[in-house]
Amino acid sequence: MANTANETNFFADVCKNFDSAAQFTAHPEGLLNQIKACNSVYRFQFPIRRGNGFEVIDAWRVEHSQHMNPTKGGIRYSDMVNEDEVMALAALMTYKCAIVNVPFGGAKGGICINPKNYTISELENITRRYTTELIKKNFIGPGIDVPAPDYGTGEREMSWIADTYMTMNPGQLDALGCVTGKPIALHGIRGRKEATGRGVAYAVRECVTVAEDMAKIGLKAGLGDKRVIVQGLGNVGYHAAKFLAEFGATIVGLCEYEGAIYNENGLNIDEVFAHRKLTGSILGFPGATEFKNSMEGLEQPCDILVPAALENQLTVENIRNIKAKIIAEGANGPTTPEAEEIFTEMGGIIIPDMYCNAGGVTVSYFEWLKNLSHVAFGRMENRYAENSNANLINTLESLTGKSIPAEHRLMIVKGASEMELVNSGLEDTMIHSYHEIRETLMTKAGVKTLRTAAFVGSIDKIAVSYMNLGVWP
Ligand code: NAD
């Protein structure tokens, strides 16, 4: 195996968090063990032609829990992927879906490659072959297991997966629902690309809105005076930073693998992004202090830290140096359980990954629904709503003799677009779920963190599914 050097304890960490929460539930041990276990772990290799020879690629798909079907979870392309990591990420997906009331079981996939070392046609080859292997073993399908983007993958890879699946399942009416995160032209959904980062921003906004909780950590309510550092300028990090800035926060620090930059007066995320595109690095951005060691960037003064790169970034080694009072986990598993314990003792709040980055799977759920219904949200009713709103305004104007200014009329009359419906569903989910978790934290004696509270709610929901399905006696 290519990656023994990268073996981690990520799955054990997830189980540790699960166990800490399970003691606050009343379920029998056997049921808890069933919920915790990874049901199906498919590890496989396949060859690709490279240069004059062959290269063997290591890959995984893990379906953690089939208490709800299909199972759902992203596919990661990274040369650090290993079985432990994919199992941990699959387990997190199960708990995440339960928290945001998305009716899926959890799954995850991984291919052990650094995509930067392969040509586009090699990547296409690898993705299509990976998909074929999943089809052969019944590990993919709109009612079986539905992948999505994760670290190192995006719309392009999802289109290759969809096309391969459709080619091998001719005539299957719902075939496009076999994968989410597709481009719009392939019946993806508007708002999916930015959904995880947007969800992170909603989660943070909701957390800082509660004045009572902010007072306990010495902060004022609201985002207006909050300084934010983001690690990882990929899909999740970029969009989290963009929407947090849009909601009024100031992005003071950005960390990428090549280094970190900091400016207490604020960094414009799009300008930094453009600078990186041009020069290949965030370093050298005008007006910013820079750190060659990216991890130093996390330790700079701020109120909120958003780790949005990879797991195991905040450990016992560096957690005491973190100045932020709030850690919003955009990435999966960025804080080890030991580091969380210390940070909680330091008086900090962690908005846990399984809730904080659940915006992606929430909008993936909307995309899957769109694919199964074969019609875009708003398509049937948009114009009807517009016409009936216009009729109402016209009637009011003629009855009152007063006319409504054009810009107001436009706002009132307009029907909702797919994007607006998606964002509204996402915002509602993130707000509702935050308060559900907080309620458990406030009411369950002994529960000390949002993560434990989130796990408690999640375990309870999954346990009910098992019992209602009759899977458990
Ligand atoms: P991505 O590949 O789009 O971006 C990751 C970014 O992190 C890259 O720019 C990379 O250069 C940077 N990075 C890597 N190592 C770093 C380091 N040590 N320090 C600083 N930056 C580093 O990946 P993504 O989709 O944004 O995923 C990021 C995290 O969010 C992962 O943990 C993933 O599991 C999680 N997540 C993603 C989604 C999604 O919808 N994409 C959903 C939920 C959770």
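Ligands are counted one by one from 1 in listed order, and the atoms in each one are counted from 1 as well. Quick caveat: nothing in here was measured; it's all calculated off a predicted structure. Start at 1 with the first residue, then count along the sequence.
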Legend entry - cation_pi(Arg320, Phe343) dist<6.0 Å, angle<=45: no

Legend entry - Sidechain N-carboxylate O distance under 4.0 Å for Arg61, Asp145: yes

Legend entry - Heavy-atom neighbours of Lys36 NZ exceed 12 at 6.0 Å: yes

Legend entry - Within 6.0 angstrom of Lys448 NZ, more than 12 heavy atoms from elsewhere: no

Legend entry - Parallel, tilted or perpendicular: rings of Phe44 and Tyr42 (30°, 60°): parallel

Inset, instruction - Check whether the side chains of Glu258 and Ser294 place a donor and an acceptor atom closer than 3.5 Å, and report yes or no. - result: no

Inset, instruction - Could you pull out every protein residue that has a heavy atom closer than 4.0 Å to ligand 1, ordered by chain and then number? - result: Arg76, Asp150, Tyr151, Gly152, Arg192, Thr196, Gln231, Gly232, Leu233, Gly234, Asn235, Val236, Cys255, Glu256, Tyr257, Ser294, Ala308, Ala309, Gln313, Gly330, Ala331, Asn332, Asn357

